[in-house]
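So that the names make sense, note that chain A is the first sequence line, chain B the second, and so on, each numbered from 1.
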Amino acid sequence: MSGKISSVRGMHDLLPRDAARWHVLEEAARVLFTRYGYEEARTPIVEETALFARGIGEGTDVVAKEMYAFADRDGTSLALRPEGTAGLARAYVEHGFGVDDPQQRWFYLGPMFRHERPQKGRYRQFFQIGVEALGSADPRVDAEQLEMAARYFQYVGLSGVELRLNSVGDEKCRPAYREALTRLFLDRFGDLCDQHRNETASKNPLRVLDCKTDRCRAVAKDAPALIDRLCDECNTHWGDLRKQLEGLGVAYTVDSRIVRGLDYYTRTAFEFVLPDGAGLGSQNALGGGGRYDQLVRELGGPPTPGVGFALGVERLALALEAIGKGERHGPDLFVATQGPEAEGAVLQIGSTCRTAGARVEVNLRKANLGNQLRRADRQKATFVVVIGAAELAGGRVRLKRLATGVEEEVALADLGREVVSRCRAADHNV
RNA sequence: GCGAUCAUAGCUCAGCUGGUAGAGCACUGGACUGUGAAUCCAGGUGUCGCGGGUUCAAACCCCGCUGGUCGCCCCA
């Protein structure tokens with residue numbers, strides 16, 4: 001509509017009807033990640049463009065094609081962050097943790113920006129919840145983190161999330177592998193799809209493995225898998241990680257085609273995917289991550305290994321919505337009024353109940369009782385109570401549970417406590 | 001960045017071969033000072049996504065743009 005301003009393409013409002021799901025997701029992260037020793041860190045949304053170029057890699061799609069970059073007043077190129085790891089790694093270096101206190105476990109949560117074509121589950125502003133464990137190369141850290149992720153999905157009520165796991169080697173074994181791949185792809189140049197014939201075969205042959213065109217697939221089928229060509233150290237890490245996961249009972253499938261779109265990954269790389277039809281369209285990855293043992297050093301810090309993952313909040317919310325979880329809940333109690341005495345006393349009654357911890361809506365309209373109850377029902381209130389002259393005089397009220405229609409008589413003075421004790425019994429899963 | 005498809009009330013949609021807009025839901029009040037979740041009644045909003053073209057006449061036909069959705073690429 002002309003004249004009206006609407007939100008920027010790919011950037012959306014989160015409205016109350018959906019906020020409850022987000023709260024479930026964020027609260028679960030705070031509770032659970034803290035249990036594993038992760039503490040929250042918040043870094044700026046704007047960073048120098050150079051941070052992402054250096055950290056994520058110049059040639060990646062994220063940096064080359066999708067960044068919101070602009071010149072600051074002094075000409076410095078700044079960018080809205082397209083992901084969270086680079087910023088945290090920068091903060092880690094900047095505040096001297098690398099030399100002072102290398103073992104750090106951080107989690108974060110906030111908006112990221114990528115200028116892509118929007119579609120279901122993919123937006124230009126999107127929120128990520130992520131974790132980073134810095135300062136240890138021990139595969140048990142990777143395993144513990146993956147177990148934490150599995151617990152997170154269980155905690156928020158998402159089943160069927162599949163962990164796809166791979167190792168992409170390190171600076172010792174990857175060059176040889178890349179060379180082998182490049183050789184193969186140059187040999188079979190004509191068989192590749194158009195896009196990969198041009199750019200990727202020479203620059204990042206790993207991408208060809210991930211290509212879904214029939215042409216590239218046919219070639220990729222003959223390519224060796226990197227997991228079969230890992231150097232001894234990487235191979236040991238890979239084996240230990242798998243052993244630990246099995247010990248923890250964390251299910252996974254090895255997927256040698258996972259290469260990830262960011263250049264900083266070493267060794268462990270993984271994605272969390274949801275099966276088709278689980279509420280996401282073709283954007284079925286709930287999150288992903290891996291190890292980045294060179295990133296901190298590349299950003300000017302001391303050599304510091306790290307491992308982390310990020311989850312897409314919109315995608316998690318979509319998945320929850322598809323299975324009817326995280327719905328907004330209405331008030332615990334709706335207080336209907338009859339007559340001027342009740343209208344005069346209802347704010348006090350509401351206030352007292354709220355002191356007891358109840359979520360309450362009191363009727364402040366002049367609607368008749370039928371319409372008041374209709375609203376209580378539409379608001380999905382758990383209980384309703386009607387206050388009139390008789391209740392005020394007698395100090396007793398009939399507490400009605402809307403779902404069943406059953407009424408119980410309770411003392412008006414205890415109303416808040418009675419409601420809370422009935423509503424807060426079984427609020428949590430896991 | 002590429003392809004497909006769609007756009008009418010807050011939401012879901014109807015609107016025939018062109019003749020200057022409708023229904024349901026939701027919302028508010030009432031019938032009904034004392035009981036909702038399918039009782040009834042009443043109340044209102046549209047520059048028909050935007051811009052241009054064809055026509056006596058465009059929600060409808062044509063072109064462009066913007067946006068949504070789906071797919072590709074990529075990713076959260």
Side-chain angles (χ1 to χ4, degrees), chain A residues 1-4 6-12 15 17 25 56 60-66 81-85 109-130 193-196 199-200 204 207 210-213 216 258-262 271-274 280-289 309-319 330 334 336-343 363 365-381 383-391 397-407:
Chain A
M1 283 181 196
S2 73
K4 290 185 187 167
S6 48
S7 72
V8 172
R9 181 170 201 194
M11 306 199 184
H12 299 290
L15 298 174
R17 60 169 169 265
L25 295 167
I56 298 170
T60 60
D61 282 5
V62 168
V63 169
K65 304 197 286 208
E66 300 168 3
R81 62 185 184 191
E83 57 97 54
T85 302
L109 175 167
M112 309 294 164
F113 302 84
R114 293 181 198 171
H115 193 104
E116 289 187 275
R117 185 83 178 262
Q119 91 185 221
K120 187 173 195 177
R122 190 178 69 188
Y123 310 106
R124 290 185 174 180
Q125 173 181 275
F126 59 99
F127 282 70
Q128 285 189 330
I129 297 175
C193 77
D194 295 346
Q195 184 191 348
H196 287 111
E199 15 172 324
T200 319
N204 191 352
R207 289 288 163 66
D210 211 22
C211 181
K212 284 159 191 101
T213 62
C216 282
I258 287 182
V259 294
R260 311 290 304 150
L262 313 178
E271 286 177 5
F272 306 107
V273 305
L274 222 37
L280 302 174
S282 59
Q283 309 306 317
N284 66 343
L286 287 174
F309 65 76
L311 305 172
V313 178
E314 286 85 354
R315 291 184 185 181
L316 289 165
L318 243 20
F334 184 94
T337 57
Q338 284 293 291
E341 299 90 340
E343 283 164 19
N363 174 60
R365 305 181 304 168
K366 53 186 173 77
N368 66 39
L369 189 60
N371 285 347
Q372 292 186 44
L373 293 175
R374 180 186 297 265
R375 174 167 174 89
D377 190 57
R378 301 258 159 91
Q379 293 287 97
K380 295 192 168 66
F383 289 101
V384 69
V385 73
V386 181
I387 304 293
E391 285 79 5
V397 296
R398 272 149 53 205
L399 184 61
K400 178 173 183 174
R401 186 183 282 273
L402 281 170
T404 61
V406 174
E407 295 189 349

Of the listed B:rG30, B:rU33, B:rU35, the closest approach to the A:Gln338 side chain comes from B:rU33
Rounded to whole Å, the CZ-C1' distance (A:Arg401 to B:rU35) equals 17 Å
Picking from B:rU35, B:rG36, B:rG71, the nucleotide nearest the side-chain atoms of A:Val386 would be B:rU35
Heavy atoms of A:Ala336 and A:Asn363 approach each other most closely as CA-CB, 4.2 Å
Residues passing the side-chain hydrogen bond (donor to acceptor under 3.5 Å, both in side chains) test with A:Glu343, sequence neighbours excluded, are none
| message | Taking the C1' atom in each of B:rG51 and B:rA59, what is the distance between them to the nearest angstrom? | response | 16 Å
Can a donor-acceptor pair under 3.5 Å be found between the side-chain atoms of A:Glu391 and the base atoms of B:rG34? yes
Contacts of A:Gly10 and A:Val384 projected onto RNA chain B by closest heavy atom; the upstream (5') one is A:Val384
To the nearest 0.5 Å, atom CG of A:Leu311 lies from atom CG of A:Leu25 at 9.0 Å
Of A:Gln128 and A:Thr404, the one whose closest nucleotide on RNA chain B sits nearer the 5' end is A:Thr404
Closest heavy-atom pair, A:Gly10 versus A:Pro118, reported as atoms and distance to 0.1 Å, is CA-CG, 4.0 Å
Given Watson-Crick and G-U pairs under 3.5 Å, RNA chain B in dot-bracket ([ ] crossing, | other strand) is (((((((..((((.....[..)))).(((((.......))))).....(((((..]....))))))))))))....
Closest of B:rC74, B:rU35, B:rG30 to the A:Asn371 side chain is B:rG30
Original post:
So what does A:Tyr123 hit on the nucleic acid, given a heavy-atom distance under 4.0 Å: a base, only sugar-phosphate, or nothing?
Top reply: base
If you measure from the P atom in B:rU8 to the same atom in B:rC61, how many Å do you get, rounded?
-> 15 Å
Against the side chain of A:Asn368, the closest entry in B:rC70, B:rG36, B:rA31 is B:rA31
TODO: Please measure how far the C1' atom in B:rG22 lies from the corresponding atom in B:rC16, and state the result in whole Å.
DONE: 15 Å
Checking B:rG68, B:rC73, B:rC40 against the side chain of A:Arg122 (C-beta onward), the nearest is B:rC73
Given the C1' atoms of B:rA23 and B:rG68, what is the spacing between them in whole Å? 24 Å
Whole-Å distance, A:Asp377 CG to B:rA26 C1', equals 14 Å
Between CD of A:Gln119 and P of B:rU5 the distance, given in whole Å, is 17 Å
Side-chain contact check for A:Leu373: nearest option of B:rG68, B:rC70, B:rU35 is B:rU35
One should read off an interatomic distance between A:His115 NE2 and A:Lys65 NZ, to the nearest 0.5 angstrom, of 12.5 Å
Write down the distance separating the P atoms in B:rA21 and B:rG49, rounded off to the nearest Å. 15 Å
*For nucleotides B:rG15 and B:rG29, find the distance between their C1' atoms and express it as a whole number of Å.*
31 Å
Across the strands shown, which category fits A:Gly288 at heavy-atom distances under 4.0 angstrom: base, sugar-phosphate, nothing? sugar-phosphate
Categorize A:Gly339 for me: base, sugar-phosphate, or nothing, with a 4.0 angstrom heavy-atom threshold over every strand shown.
nothing
- Contact class for A:Ala376 (heavy atom, under 4.0 Å): base, sugar-phosphate, or nothing? nothing
Taken to the nearest whole Å, CD/A:Gln379 to C1'/B:rU35 is 17 Å
*Donor-acceptor pair, A:Arg114 side chain versus A:Pro82 backbone, under 3.5 Å?*
yes
Ranking B:rG34, B:rU35, B:rC72 by distance to the side chain of A:Lys400, first place goes to B:rU35
Interatomic distance, CD@A:Gln128 vs CD@A:Glu314, rounded to 0.5 Å, equals 9.0 Å
Across the strands shown, which category fits A:Glu116 at heavy-atom distances under 4.0 angstrom: base, sugar-phosphate, nothing? base
Do any side-chain nitrogens or oxygens of A:Arg117 fall under 4.0 Å of OP1 or OP2 in B:rG71? no
Check your understanding: Base, sugar-phosphate, or nothing: which does A:Gln372 touch, judged by heavy atoms less than 4.0 Å apart?
Key -> nothing
To the nearest angstrom, the CG-P distance between A:Leu369 and B:rG30 comes to 12 Å
Item checked: A:Arg375 side chain near B:rG36 phosphate (N/O to OP1/OP2, under 4.0 Å) -> no
| field | A:Phe126 ring over B:rA76 six-membered base ring, under 5.5 Å and 30° | value | yes
CZ (A:Arg375) and CG (A:Leu373) are apart, to the nearest 0.5 Å, by 12.5 Å
dist A:Leu399:CG -> A:Phe383:CZ (nearest 0.5 Å) comes out at 5.0 Å
How would you label the contact of A:Leu316 with the nucleic acid (heavy atoms, under 4.0 Å): base, sugar-phosphate, or nothing?
-> nothing
Between CZ of A:Arg9 and C1' of B:rC50 the distance, given in whole Å, is 15 Å
note: A:Asp61, atom CG; B:rA76, atom P; distance rounded to Å ~ 12 Å
I'd like the P distance from B:rG53 over to B:rA14, given in whole Å. 29 Å
C1' gap between B:rA26 and B:rU17, integer Å
36 Å
* When you check the phosphate oxygens OP1 and OP2 of B:rG36, does a side-chain N or O of A:Arg378 lie under 4.0 Å from one of them? -> no
Between the CZ atom in A:Arg81 and the CD1 atom in A:Ile56, the distance rounded to the nearest 0.5 Å is 11.5 Å
In terms of heavy-atom contacts, A:Arg365 and A:Asn371 come closest through NH2-O, 3.3 Å
- Query: Counting any heavy atom closer than 4.0 Å, what does A:Gly84 reach on the DNA or RNA strands: base, sugar-phosphate only, or nothing?
  - Reply: nothing
To the nearest angstrom, the CG-P distance between A:Leu318 and B:rC70 comes to 9 Å
